[in-house]
Undergrad: 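Quick one: this structure, given as C-alpha cells, is what I'll be asking you about.
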Amino acid sequence: MSARTLPLLFINLGGEMLYILDQRLRAQNIPSDKARKVMNDIITTMFNKKFLEELFKPQELYSKKALRTVFDRLAHASIMRLNQASMDKLYDLMTMAFKYQVLLCPRPKDILLVSFNHMDAIKDFVKDTPSILSQVDETYRQLIEMYTPLTSGEFQLIRQTLLIFFQDMHIRVSIFLKDKVQNSNGRFVLPTSGPVPHGTQVPGLIRMFSCTGEEVNRLQFNNGGSYSAAIREGSFEIFGDRVTKLGTNMYSVTRPVETHMSGTSKNSTQHTKVNAAPNPLAKEELNLLAKLMGGLEVQKPGNTVDSGFRVNLFATDEEEEEALISRPDELSYGVINIQATKDQQTNAELAKIMGEFTESGDQSPSASSKGDDLLAMMDGL
C-alpha cells in the first residue's frame, strides 16, 4: 500500500464533488451569490492550511466511512445542507467517477494529470477570490513537489492502492450506462482502442535480437484492438495543457445523473461476513480523523447574515425519501459527528473523548459508551 495516496484521493474526490454541486446549484436555480458562497466556503475549507498539513503526511488510506465523514463535513462547510440520501448519492457519484478515471489512465503517472485537471477546475471556481486562490496555488506547489519526482513504480503502487480502495464499489451511474461504459452490474467496460500510453508503441510486433543486439527477425500478431500511436504527454506544471480529458467536468444541467444500486452489490454486501472483533486500527484512525477535522471550519447553523438552503440531488423530495428507505443498510454510511474546532472548550471535550479511547483498564459501560459507538462506526477497514 502506498503511503502517498491519500492527498490524490482527496483532491480528486473533492474536485468531483464540486463539479456535481455546481451542476445541482445551477439546476435548482440557486441565486448566483449564494451558489458562489457555497463553492468558496467549501474550497476554503478543503484547502485549509492545517487540514492539508495533516493530509500530506505520509500515511495509509483509512476506511471508506472515515473518508465519507470528512466529505460530509466538507459538503456542509457552507450555508448549503444535504439530506442523508442526497449526501449518499453525492458520495456515490464522486467515487464512481474517480474510479472510472483511475481505470482509464493510460499510465499510472497520468493519475497526477487527472488530479491537475481537478485542480485547474477548482482554481477556475475561485478565480475572482484572490485569498482562496492563493490557498489552492500553495496546494498545487505541494502536489508538484511531492509527486513529480516519483518513479513509474511508485505511481503504479498508488494506482493499485486506489483500485483496492474502490474494488467493492459497483454503483450504476446513468451517464456511464447511457454511454455504454458501465454494465448493468455496475462494472466498467474498458476500451480496447485509442492511443497507447505515452512512451510506448502500438502492440502487434515482436522483434527478436541476437546476443550481439542485432535484430534478426520480426513477427506480426493480432493485438485484438484498434490502437493508435501515443499522443503528446500532458504538462505537469502549474499551468499547461494536460492533454487528457480525464478529471474534467462531465456534468451539465442538461445532462443529469442518477445512481442505482446494482443487484450484485446488494447480494455481495448481504453475504459479507462481519467481523465482530474490534478493529485494532480504529483508534488510530479516529485519532487521525480528529486531527483532520480539527482543520475544518464548518459553517455554524443559525447564521444571521445568510439563510441556509437545502440542495436535493434527486428530481423530487419524494424520490430522495424513497432512495433513503430503499438503500441497503450495509451501504449506508454512519456519519460521525466529531466537533473539533479552535474553540478551547470543544478541544477539551475532544481530548477527553480521545482519552477514553486510549485508556486501558476496566471502564464502566456508561463511561465508554460514546467511544464504543464511534469505534463501531469506524470499524470499516
Side-chain angles (χ1 to χ4, degrees), residues 2 4-5 7-16 18-19 96-127 133 136-163 166 175-176 179-182 188-207 209 215 218 220-252 255:
S2 174
R4 298 184 181 273
T5 307
L8 294 183
L9 179 61
F10 175 78
I11 292 294
N12 287 284
L13 289 181
E16 289 299 319
L18 292 170
Y19 286 152
M96 293 307 291
F98 184 45
K99 177 181 179 179
Y100 184 52
Q101 292 160 12
V102 174
L103 287 169
L104 283 188
C105 278
R107 304 175 302 169
K109 188 178 182 180
D110 289 337
I111 292 173
L112 190 55
L113 293 176
V114 177
S115 306
F116 285 171
N117 269 336
H118 281 119
M119 289 291 292
D120 291 342
I122 292 170
K123 286 183 64 174
D124 191 57
F125 281 131
V126 295
K127 61 185 178 182
L133 189 59
V136 180
D137 282 336
E138 175 59 31
T139 304
Y140 232 132
R141 285 187 283 271
Q142 286 182 270
L143 287 171
I144 291 173
E145 182 181 342
M146 175 179 286
Y147 290 100
T148 52
L150 298 186
T151 65
S152 297
E154 289 171 311
F155 274 110
Q156 174 64 6
L157 189 56
I158 288 174
R159 183 176 185 272
Q160 288 177 338
T161 304
L162 288 170
L163 292 178
F166 290 127
I175 288 179
F176 296 144
D179 293 344
K180 299 187 184 304
V181 298
Q182 191 179 31
F188 288 110
V189 179
L190 299 183
T192 55
S193 61
V196 296
H198 183 269
T200 63
Q201 298 177 345
V202 175
L205 175 66
I206 299 174
R207 296 187 296 170
F209 296 85
E215 183 178 331
R218 289 190 173 197
Q220 299 282 344
F221 68 92
N222 184 7
N223 58 30
S226 179
Y227 299 103
S228 58
I231 54 179
R232 68 187 187 282
E233 186 175 30
S235 171
F236 290 92
E237 303 296 328
I238 290 184
F239 302 100
D241 183 6
R242 313 303 174 193
V243 178
T244 180
K245 295 300 180 184
L246 298 175
T248 57
N249 195 348
M250 67 176 181
Y251 310 101
S252 69
R255 198 184 189 200

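Note that these values count all heavy atoms, side chains included, but never hydrogens, waters or copies made by symmetry. We're numbering straight along the sequence, starting at 1.
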Undergrad: Measuring from atom OG1 of Thr5 to atom CD of Glu154, what distance do you get when rounded to the nearest 0.5 angstrom?
TA: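 CD of Glu154 is found 11.0 Å from OG1 of Thr5.
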
Undergrad: At what distance, to the nearest 0.5 angstrom, does CD1 of Ile144 lie from CG of Leu112?
TA: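 That separation rounds to 8.0 Å.
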
Undergrad: So Leu104 and Pro191, do their side chains get closer than 4.5 Å, heavy atoms only?
TA: yes

Undergrad: Once rounded to the nearest 0.5 Å, what's the spacing between atom CG of Leu163 and atom CD1 of Ile158?
TA: 12.0 Å

Undergrad: I'd like to know whether Ser235 forms a side-chain hydrogen bond (donor to acceptor under 3.5 Å, both in side chains) with Asp241, so could you lay out the CA-CA distance, the side-chain angles of the two residues, the decisive distance to 0.1 Å, and finally the verdict.
TA: CA-CA 6 Å; Ser235 171; Asp241 183 6; over 6 Å; no

Undergrad: Shortest non-hydrogen contact from Ala230 to His198?
TA: CB-CA, 3.8 Å

Undergrad: Parallel, tilted or perpendicular for Phe166 and Phe98, by the 30°/60° rule?
TA: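 Phe166 vs Phe98 ring planes: perpendicular.
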
Undergrad: Indicate yes or no: at least one non-hydrogen side-chain atom of Thr192 is less than 4.5 angstrom from one of Tyr227.
TA: yes

Undergrad: Ignoring hydrogens and geometry, is there a side-chain-to-backbone donor-acceptor pair from Asn223 to Pro203 under 3.5 Å?
TA: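 Such a contact is found between Asn223 side chain and Pro203 backbone.
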
Undergrad: Would you list the pairs meeting salt bridge (charged side-chain N to carboxylate O under 4.0 Å, His left out) in which at least one residue belongs to residues 137-146, sequence neighbours left out?
TA: Lys123-Asp137, Glu138-Arg141

Undergrad: Rounded to the nearest 0.5 Å, what separation is found between the OG1 atom of Thr139 and the CD1 atom of Ile11?
TA: 6.0 Å

Undergrad: Determine whether a donor-acceptor pair (N or O, by modelled atom type, separation under 3.5 Å) exists between the side chain of Tyr147 and the backbone of Arg4.
TA: yes

Undergrad: What verdict does the side chain to side chain contact (heavy atoms under 4.5 Å, CB included) test give for Ile111 and Leu162, after you've listed the backbone C-alpha separation in whole Å, the side-chain angles of each residue and the deciding distance to 0.1 Å?
TA: CA-CA 10 Å; Ile111 292 173; Leu162 288 170; 4.0 Å; yes

Undergrad: Starting from the C-alpha separation in whole Å, work towards a yes-or-no answer on side chain to side chain contact (heavy atoms under 4.5 Å, CB included) for Leu205 and Gln220.
TA: CA-CA 5 Å; Leu205 175 66; Gln220 299 282 344; 3.6 Å; yes

Undergrad: Where do Arg242 and Asn117 come nearest, in terms of heavy atoms and distance?
TA: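 Scanning both residues completely, I find the closest heavy atoms to be CG-OD1, 3.0 Å.
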
Undergrad: Taking all non-hydrogen atoms of both residues, which atom of Pro197 and which atom of Pro106 are closest, and how far apart?
TA: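 Distance-wise, the nearest heavy atoms are CG-O, 3.3 Å.
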
Undergrad: From Arg218 CZ over to Ile206 CD1, what is the distance, rounded to the nearest 0.5 angstrom?
TA: 12.0 Å

Undergrad: Would a 4.5 Å heavy-atom cut-off, applied to side chains only, mark Gln201 and Val196 as touching?
TA: no

Undergrad: Can you label the angle between the Tyr251 ring and the Tyr19 ring as parallel, tilted or perpendicular, going by 30° and 60°?
TA: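 Answer is tilted, since the angle falls between 30° and 60°.
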
Undergrad: What is the minimum heavy-atom distance between Gln156 and Pro108, and which atoms define it?
TA: OE1-CG, 2.9 Å

Undergrad: Going from CD on Glu16 to CG on Asn249, what distance comes out if it is rounded to the nearest 0.5 angstrom?
TA: 7.5 Å

Undergrad: Look at the aromatic rings of Phe236 and Phe116 and report parallel, tilted or perpendicular, splitting at 30° and 60°.
TA: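 Phe236 vs Phe116 ring planes: perpendicular.
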
Undergrad: Before giving the answer on side chain to side chain contact (heavy atoms under 4.5 Å, CB included), spell out for Ile231 and Val243 the whole-Å C-alpha distance, their side-chain angles and the decisive distance to 0.1 Å.
TA: CA-CA 8 Å; Ile231 54 179; Val243 178; 3.4 Å; yes

Undergrad: Can you find a heavy atom in the side chain of Gln101 that is under 4.5 Å from one in the side chain of Met250?
TA: no

Undergrad: So do Asp110 and Thr244 actually touch side chain to side chain, heavy atoms under 4.5 Å?
TA: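 SC-SC contact between Thr244 and Asp110 ruled out.
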
Undergrad: For a quick test of reading the model, state the closest non-hydrogen atom pair linking Lys127 to Leu133 and the distance between them.
TA: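 Taking Lys127 first and Leu133 second, the nearest heavy atoms are O-CD2, 4.3 Å.
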
